[in-house]
Amino acid sequence: MTIPDHLAAQPTLRTARLMLSQLGPDHLDAVMAGLADEDAMRLTGTRTSFTREQVGAHLAGLPGAEDRADFAITGPDGAYLGEVVLNELEEDDRSMNYRIALVGPSLRGHGIGTEAGRAVVAWAFDVVGLHRISLEVYAFNPAAQRSYEKIGFVVEGRAREVLRYEDEWIDAVTMSMLETDPRQP
Ligand SMILES: CC(C)(COP(=O)(O)OP(=O)(O)OC[C@H]1O[C@@H](n2cnc3c(N)ncnc32)[C@H](O)[C@@H]1OP(=O)(O)O)[C@@H](O)C(=O)NCCC(=O)NCCS
């Protein structure tokens, strides 16, 4: 199977506490609620406002997509906890970009994002066949950087003053993980 074949046939992943399933139109209400989480929007540098119609159209295009994998994270009771995404496929280089956001501050700091991330990178390297996964994290978000390091991402540099936030320039830390990098348990 090619990388696009694997991405199109995105499976459900299970971890000790979580289920990661295809994000799609059924998650519209939950995703809209997540977009109202101002702290998550700040931490992810999201400044655009999306209408319900725009989000619905985006979600409708995700199942079966050959160039990305969007997972809804749900807990043991089936509650939607957030999303974790591989996008920006460069097929020849076997590389993709990674992003994640849990919904609401109360979910953070309990290892949920790290647990979800470990499952996604394991699938991406071991099944999809990616070579490299990269991401950027703003310097004002050390908790996310720590979570990424616990997964196995390595700091590779710093993009200076990429974000203007509350009259200050914010750097972004660039991180990546290669298929040959040690996985953190
Ligand atoms: C980023 C995110 C996915 C991480 O998932 P999580 O489940 O909260 O992460 P974890 O609980 O596994 O790990 C957080 C770590 O940060 C540490 N931490 C918390 N605040 C910190 C701070 N100010 N400085 C350094 N480390 C900090 C915690 O102690 C923990 O590390 P530990 O397990 O070694 O104690 C989640 O917090 C989230 O969705 N945040 C909002 C959106 C966001 O920031 N997305 C990423 C954009 S790049």
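Counting starts at 1 for both ligands and their atoms, following the listed order. Nothing fancy with the numbering, it's 1 onward along the sequence.
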### Query
Do Thr2 and His6 touch side chain to side chain, with heavy atoms closer than 4.5 Å?
no
#### Entry: Ion pair Glu136/Arg99, N-O distance below 4.0 Å
no
### Task
Write out the protein residues near ligand 1, meaning a non-hydrogen atom under 4.0 Å from one of its atoms, in order of chain and number.
Leu43, Thr44, Ile100, Ala101, Leu102, Arg108, Gly109, His110, Gly111, Ile112, Gly113, Thr114, Glu136, Val137, Asn141, Pro142, Ala143, Ala144, Arg146, Ser147, Tyr148, Lys150
### Message
Looking at Asp29 and Arg52, is any side-chain nitrogen of the basic one under 4.0 Å from a carboxylate oxygen of the acidic one?
### Response
yes
### Query
Does a salt bridge link Asp171 with Arg160, judged by any charged N lying under 4.0 Å from a carboxylate O?
no
#### Entry: NZ/NE/NH1/NH2 to OD/OE distance under 4.0 Å, Asp37 and Arg42
no
### Check: Leu13 and Phe71 side chains under 4.5 Å, non-hydrogen atoms
yes
